[in-house]
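Take a look at the structure set out below.
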Amino acid sequence: MFSGFTRDMGIDLGTANTLVYVKGKGVVVREPSVVALESDTGSIRAVGNAAKNMIGRTPGNIVAKRPMKDGVIADFDTTATMMKYFINQAQKKKSFFSKKPNVVVCVPSGITAVEERAVKEATKIAGAKEVYTIEEPFAAAIGSDLPVWEPTGSMVVDIGGGTTEVAIISLGGIVTSQSIRVAGDEMDDAIIQYVRKQYSLMIGERTSEQLKIEIGSAGKGDEKADMEIRGRDLVSGLPKTVTITAQEIARALADTVASIIEAVRVTLEKAPPELAADVMDRGIVLTGGGALLQNLDKVISEQTGIPVIVAEQALDCVAIGTGRYLEHKFSSKNR
Ligand SMILES: Nc1ncnc2c1ncn2[C@@H]1O[C@H](COP(=O)(O)OP(=O)(O)OP(=O)(O)O)[C@@H](O)[C@H]1O
């Protein structure tokens, strides 16, 4: 077995959030995947939470960037810088040891070879010794305690910011999967478009995310819930306040929810019958921040006829699974 003094890490490099799991410690960093840079010099002003608070509020010389898009790297240099910051933060909390860590990073299952190489290179530049990748739904399944190594079908649906990953797993491998670039960000965009069309009101992505989290849902939406929001009137150009109902937000989210359900259905259709039967018995597990959308579990269950459970630590599952995989990988290498 490896000694407890190595600081090997599992990283859930997400479109919305990056989490770092340190071997023997658990999740020690949990921050938004956002970097604020000075546009003229390119120097870093803030990373993570501090940078997210700047989105939509930066003066001309500062840009707040999300370097990941649809689960993959959209801006290589900024991603490497952001990872370096998070790796340093995780190491500070661990020990004074200065050895480079081995890192396992999760990637979407639909990633191309070029996109995967970019993730590995960025992680090396950020300070890793050896870099390994793990497919996100596999990590999500391990992190939500599904029996991935056993000869039984486990189904996981990981709904993040950029991608929804649907997979059926058995005997330590993904048997069938679907990765669609539709998830939380698409929900936020749908809300922005809805409010723009219905109220001629321009709102930012933080406001639309807040609407989604506070009153958003799959299905019809709560008849009594609503929320007051502020934005810029596209006609007068002035700030304006409107009240939006939960039912309106549910309507705005309907297409995104339908795409997620379709991905679940297609994956089930492609599954070998024995595994599909296991899933019927054991149910579908939802992970990722998108799994927390109200009623999503009920609506998926109604449409598929299969029980659906939201994982206990939905937002941490992928990072926990990545970390457990790292522990498994290095302990089995040393046996
Ligand atoms: N209570 C909630 N209801 C609905 N959506 C939520 C809730 N909490 C978080 N989210 C959404 O979950 C998404 C982030 O989830 P997560 O951190 O799992 O994604 P990620 O791992 O960064 O993305 P990806 O896996 O696509 O790269 C965001 O779109 C966020 O708005």
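Just follow the structure's listing: the first ligand is 1, and inside any ligand the first atom is 1.
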Donor-acceptor pairs are to be reported for all side-chain atoms of residues 258-276 against protein atoms at under 3.5 Å, with residues two or more places apart or in another chain.
{"unit_1": "S259", "atom_1": "OG", "unit_2": "D255", "atom_2": "O", "d": "3.1"}
{"unit_1": "T267", "atom_1": "OG1", "unit_2": "A263", "atom_2": "O", "d": "2.7"}
{"unit_1": "K270", "atom_1": "NZ", "unit_2": "S177", "atom_2": "O", "d": "3.4"}

One pair per line, please: each N/O atom of ligand 1 matched with every protein N/O atom under 3.5 Å away, atom names first, then the distance to 0.1 Å.
{"unit_1": "ligand 1", "atom_1": "10 (N)", "unit_2": "G289", "atom_2": "O", "d": "3.4"}
{"unit_1": "ligand 1", "atom_1": "12 (O)", "unit_2": "G290", "atom_2": "N", "d": "3.4"}
{"unit_1": "ligand 1", "atom_1": "15 (O)", "unit_2": "G289", "atom_2": "N", "d": "3.2"}
{"unit_1": "ligand 1", "atom_1": "17 (O)", "unit_2": "N17", "atom_2": "ND2", "d": "2.7"}
{"unit_1": "ligand 1", "atom_1": "18 (O)", "unit_2": "G289", "atom_2": "N", "d": "2.9"}
{"unit_1": "ligand 1", "atom_1": "19 (O)", "unit_2": "G161", "atom_2": "N", "d": "3.1"}
{"unit_1": "ligand 1", "atom_1": "22 (O)", "unit_2": "T15", "atom_2": "N", "d": "3.2"}
{"unit_1": "ligand 1", "atom_1": "22 (O)", "unit_2": "A16", "atom_2": "N", "d": "2.7"}
{"unit_1": "ligand 1", "atom_1": "22 (O)", "unit_2": "N17", "atom_2": "N", "d": "2.7"}
{"unit_1": "ligand 1", "atom_1": "22 (O)", "unit_2": "N17", "atom_2": "O", "d": "3.4"}
{"unit_1": "ligand 1", "atom_1": "23 (O)", "unit_2": "T15", "atom_2": "N", "d": "3.4"}
{"unit_1": "ligand 1", "atom_1": "23 (O)", "unit_2": "G161", "atom_2": "N", "d": "2.8"}
{"unit_1": "ligand 1", "atom_1": "25 (O)", "unit_2": "E136", "atom_2": "OE2", "d": "2.6"}
{"unit_1": "ligand 1", "atom_1": "26 (O)", "unit_2": "T15", "atom_2": "OG1", "d": "3.4"}
{"unit_1": "ligand 1", "atom_1": "26 (O)", "unit_2": "G161", "atom_2": "N", "d": "3.2"}
{"unit_1": "ligand 1", "atom_1": "26 (O)", "unit_2": "G162", "atom_2": "N", "d": "2.8"}
{"unit_1": "ligand 1", "atom_1": "26 (O)", "unit_2": "T163", "atom_2": "N", "d": "2.9"}
{"unit_1": "ligand 1", "atom_1": "26 (O)", "unit_2": "T163", "atom_2": "OG1", "d": "3.4"}
{"unit_1": "ligand 1", "atom_1": "27 (O)", "unit_2": "T15", "atom_2": "N", "d": "2.7"}
{"unit_1": "ligand 1", "atom_1": "27 (O)", "unit_2": "T15", "atom_2": "OG1", "d": "2.8"}
{"unit_1": "ligand 1", "atom_1": "29 (O)", "unit_2": "K212", "atom_2": "NZ", "d": "3.1"}
{"unit_1": "ligand 1", "atom_1": "31 (O)", "unit_2": "E209", "atom_2": "OE2", "d": "2.5"}
{"unit_1": "ligand 1", "atom_1": "31 (O)", "unit_2": "K212", "atom_2": "NZ", "d": "2.6"}

Practice task
Please test Y325 against W149 for ring pair (Phe, Tyr, Trp, His ring centres under 6.0 Å), starting from the C-alpha separation and ending with a verdict.
Solution key: CA-CA 11 Å; Y325 176 77; W149 310 107; 7.2 Å; no
Problem - R181, CZ: over 12 other non-hydrogen atoms inside 6.0 angstrom - result: yes
Practice task
Taking D233 for its side chain and S236 for its backbone only, find out whether a donor-acceptor pair lies under 3.5 Å.
Solution key: yes
Exercise for the section: For Q198 and V195, indicate whether the former's side chain and the latter's backbone hold a donor-acceptor pair under 3.5 Å. Expected result: no
Problem - salt_bridge(K52, E209) N-O dist < 4.0 Å - result: yes
